[in-house]
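This report concerns only the one structure given below.
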2 protein chains.
Amino acid sequence: MNIGEVSERAGLPPKTIRYYEDIGLVRPLRSDNGYRAFRESDIHKLAFLGRARTLGFSIEDCRTLLGLYEDETRESAQVKSVAKEHLTAIDSKIAQLKSMRKTLSHLVDACQGDHRPDCPILEDLAKGS
Amino acid sequence: MNIGEVSERAGLPPKTIRYYEDIGLVRPLRSDNGYRAFRESDIHKLAFLGRARTLGFSIEDCRTLLGLYEDETRESAQVKSVAKEHLTAIDSKIAQLKSMRKTLSHLVDACQGDHRPDCPILEDLAKGS
DNA sequence: TCTAAGGCTTCCAGTTACAGGAAGCTCAAG
DNA sequence: CTTGAGCTTCCTGTAACTGGAAGCCTTAGA
């Protein structure tokens, strides 16, 4: 199967698929004309990767997860460990964003947003909280 | 004042300060020995930038905000507009992270995390939600 | 006076996960 | 036989820095 169809079926842009091959996440065969020839197993892997990326896992995490997926001797604890660390990272990102959001929304509310130059947002940035 | 002291006073690493000069956010003078010579106004700007970055504004937003800050003829509506757009972006990032968090925490909870290979996390990634 | 340690300089590479675009080969249709 | 779509590789750019190398400047101590 050519990259175009794979792209549709796996839900990933061709550029991304080529990139994943570049970094060794998938290894499609090649046809005589030089085109990539994907097997069902490649598509399966790509879809796996797409879903892992949707959950926010880094490429390196994805590589690890894919390795574990293909390793019959894995222990679920290994998978869980990767996922838990990622969950922690997500939590701290959320906390950071919420903190930004809080400050920023106060400032936005305090700003008149009219034609005059006076602005609490700039004042805050200028002198700190 | 040299970059080291400015770094401490503005709370930004020297590398970052040099970078900000590179991209034209600050324009410190130069001493005869070639060292950067920062004025109080430079430090003030750098601190402003540091706080704007802490609130998650992009460098380009920071450039805009700094420009507005120094523009006596600004209208607060311009500032508010930048801030509101950023707030919206923050909100959608939070929403996205929360969505990831929800799925992922369900999966993590469902995974035994023991020595056996069976893992709901991998199963989910393999076949999608 | 010489030296060694910092601090400063510039410049180049690496990071993350791709996207855009150019130049050129291949294939299917009319 | 030509045209257009699809494929290939390769190079560049993105965001916002960080790390490191090579080398100049300054200052304190032996």
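Using a 4.0 Å heavy-atom distance criterion, B:Arg18 is classed as a base contact.
If you take CG on B:Leu97 and CD on A:Gln96, they are separated by 10.5 Å, rounding to the nearest 0.5 Å. Atom CZ of B:Arg51 sits about 7.5 Å away from atom CG of A:Asp124, to the nearest 0.5 Å. Rounding to the nearest 0.5 angstrom, the gap separating the CG atom in A:Leu55 from the NZ atom in B:Lys102 is 13.0 Å.
Within a 6.0 Å radius of CD in A:Glu70, more than 12 heavy atoms belonging to other residues, nucleotides or ligands are found.
Rounded to whole Å, atom C1' of D:dC7 lies 10 Å from atom CZ of A:Arg30. One interatomic measurement links the two molecules: CD1 of A:Ile17 to P of D:dG6, which rounds to 15 Å at whole-angstrom precision. Summarising the geometry, the separation between CD1 on A:Ile3 and C1' on D:dT9 is reported as 12 Å, rounded to the nearest angstrom.
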**Message:** Strictly under 4.0 angstrom, non-hydrogen atoms only: write out the protein contact profile of nucleotides 15-28 of chain D, one letter per nucleotide from the 5' end, B, S or -.
**Reply:** -BBSBB----BS--

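A salt bridge links B:Glu40 with B:Arg9: at least one charged nitrogen is closer than 4.0 Å to a carboxylate oxygen. Under the 4.0 Å criterion applied to side-chain N and carboxylate O atoms, B:Arg116 and B:Asp114 are assigned as salt-bridge partners.
Taking the 5' to 3' direction, DNA chain C first and last meets chain B under 4.0 angstrom from a heavy atom at C:dG7 to C:dC11.
Proximity of B:Arg74 to A:Leu122: side-chain heavy atoms (C-beta onward) are separated by under 4.5 Å at one or more points.
The only option from B:Arg30, B:Arg27, B:Lys45 that meets the salt bridge (Lys or Arg N to Asp or Glu O under 4.0 Å) definition with B:Glu21 turns out to be B:Arg30.
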